[in-house]
Amino acid sequence: MMSPAADTHEVGLSPSELRQLEPLRLASRRSFAGRVRGERLSRNKGISIEFADYRDYSDGDDLRHLDWAILARLDRAAIRTYQDEDDLAVYLALDASASMDFGEPSKFQHAARLAAAVGFIGLVGSDAVYPLALGHPAAPGRALRGRASHAALANWVSAWHPTGVNGLAASLTRFAAGSARPGMFFCISDGLDPAAPDALRALAARGHDVVMLQVLSEIELNPDLEGDLRLLDAETGEAVEITAHSQALRQYAENLAAHNQALEAAATRGGGRYLMSIVGEPLGLFMTRGLRRAGIVR
């Protein structure tokens, strides 16, 4: 069940940002069998532009592939599918667990904007975008296709608050154990779950092209704290009392760096990608330069 709607101004993309994203296309390192005609050439050999089957029309489908004869004869909207091109399943996994509700602006607000941007690129490229809220028991949403589905995606992103208590790794492991067809899996999260690397490896083992977009705040990377502190786990409610001094902060930095390296190794081991995005950095710069340099978009 969705949480109460968030303020859409916190996650919405501006017209100028959308124009920056318009020319980009997602670049998977794996070849997947598509379900409907997309814009990606299949690696299957010996297949030309060949009719495959019909399926029911859904919102966002390209009307150029609508069979008008069937519509006139049977009053049913049907789309022709082909064997020469594949659509790409893009799983947009936005971490809506409680740990994302940190900072101002929060990690979740930043992650939600990243999710909206990645999803928009997928929709413009005629990919099948499946939204998924991590930390909650909800199943992936239905596939969104085509530019016309951008409003539906924006509404979905804006409808979540970071209140989930299921945990990042548990959500990823549950998805990996399901029957979803392999695709490009974007995990947009702070990644601060000790079991997250194992969960990413499970996704790659199921054939997914994993892209880990880790979202952290500046204060998590460089905490400016001192004295006696009481830390509260946002998801379990457990409290830990510490004394922040130079040695403790140095140990914290080493532990965080080791965990982030484990995340990167898990994501890239199967050919996937890993990038970190710091809360507050310009979205356009990260999408057009960072993702392009990593080969995530072209």
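Applying the side-chain contact (heavy atoms from CB on, under 4.5 Å) test to T173 and every residue at least two apart in sequence or in another chain returns A199. For R201, the salt bridge (charged side-chain N to carboxylate O under 4.0 Å, His left out) partners are D198, not counting sequence neighbours.
The side-chain heavy atoms of W156 and L144, taken from C-beta on, include no pair separated by under 4.5 Å. Side-chain contact between E254 and R250: present, with at least one pair of heavy atoms (C-beta onward) separated by less than 4.5 Å. Within the 4.5 Å cutoff, no side-chain heavy atoms of L132 are placed close to those of S171. Contact of the L21 side chain with the V124 side chain is not registered, since no non-hydrogen atoms from C-beta on lie closer than 4.5 Å. Two residues are said to be in side-chain contact when any heavy atoms from C-beta on lie closer than 4.5 Å; K107 and L192 meet this criterion. Residues E220 and Y252 are in side-chain contact: their nearest non-hydrogen atoms beyond the backbone lie under 4.5 Å apart. Proximity of V210 to C187: side-chain heavy atoms (C-beta onward) are nowhere separated by under 4.5 Å. Between E104 and V279 the shortest side-chain heavy-atom distance does not fall below 4.5 Å.
The CG atom of L291 lies 8.5 Å from the CG atom of L26; values are rounded to the nearest 0.5 Å. Separating the CG atom in L71 from the CG atom in L66 is a distance of 6.0 Å, to the nearest 0.5 Å. A distance of 4.5 Å separates CG of L94 from CZ of F108, quoted to the nearest 0.5 Å. The distance from the CG atom of D193 to the OG atom of S99 is 8.5 Å, given to the nearest 0.5 Å. Interatomic distance, D67 CG to R73 CZ, rounded to the nearest 0.5 Å: 7.5 Å. Taking OG of S277 as the start and CG of D190 as the end, the distance is 12.5 Å to the nearest 0.5 Å.
With hydrogens and angles disregarded, no donor-acceptor distance shorter than 3.5 Å links the side chain of H150 to the backbone of L123. Checking side-chain atoms of H110 against main-chain N and O of S217 turns up no donor-acceptor pair under 3.5 Å. For the pair R292 (side chain) and T288 (backbone), a donor-acceptor distance under 3.5 Å is present. A side-chain donor-acceptor contact under 3.5 Å links S14 to the backbone of E17. Of the possible polar contacts, none joining the R298 side chain to the L24 backbone as a donor-acceptor pair under 3.5 Å is found.
Of all the heavy atoms in N260 and Q214, the pair that sits closest is OD1-NE2, 2.8 Å. Closest approach of P182 to Y91, counting heavy atoms only: C-CE1, 4.4 Å. In terms of heavy atoms, R29 sits closest to G272 at NH1-O, 3.8 Å. In terms of heavy-atom proximity, S106 sits nearest to M100 at CB-O, 3.9 Å. Smallest separation of non-hydrogen atoms from S189 and D95: OG-OD2, 2.6 Å. Residues R273 and D209 share a closest heavy-atom pair of NH2-OD2, 3.2 Å.
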Original post:
Passes ring pair (Phe, Tyr, Trp, His ring centres under 6.0 Å), F175 versus H208? Steps please.
Top reply: CA-CA 11 Å; F175 179 88; H208 294 287; 5.5 Å; yes

**OP:** Output, in order, the C-alpha distance, side-chain angles, deciding distance and verdict of side-chain contact (heavy atoms from CB on, under 4.5 Å) for I188 and L92.
**Re:** CA-CA 8 Å; I188 307 175; L92 202 61; 4.3 Å; yes

Subject >> V211 and F186: CA distance, side-chain angles, deciding distance, side-chain contact (heavy atoms from CB on, under 4.5 Å) verdict >> reply: CA-CA 5 Å; V211 178; F186 283 86; 3.6 Å; yes

Subject >> Steps toward side-chain contact (heavy atoms from CB on, under 4.5 Å) verdict (R147, E22) >> reply: CA-CA 10 Å; R147 188 189 305 268; E22 183 101 21; 2.5 Å; yes

Subject >> Pair I121-V297, side-chain contact (heavy atoms from CB on, under 4.5 Å): steps then yes or no >> reply: CA-CA 9 Å; I121 295 172; V297 301; 4.2 Å; yes

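The neighbour count for D75 CG, taken as heavy atoms of other residues, nucleotides or ligands under 6.0 Å away, does not exceed 12. Enclosure of atom CZ in R174 by more than 12 non-hydrogen atoms of other residues, nucleotides or ligands within 6.0 angstrom is indicated.
Counting only residues at least two apart or in different chains, side-chain hydrogen bond (donor to acceptor under 3.5 Å, both in side chains) contacts with residues 114-125 are absent.
Using a cut-off of 4.0 Å between Lys/Arg side-chain N and Asp/Glu carboxylate O, R25 and D127 are scored as not salt-bridged.
Grouping the Ile, Leu, Val, Met, Phe, Trp and Tyr side chains by contacts below 4.5 angstrom, directly or via other members, places W68 with I79.
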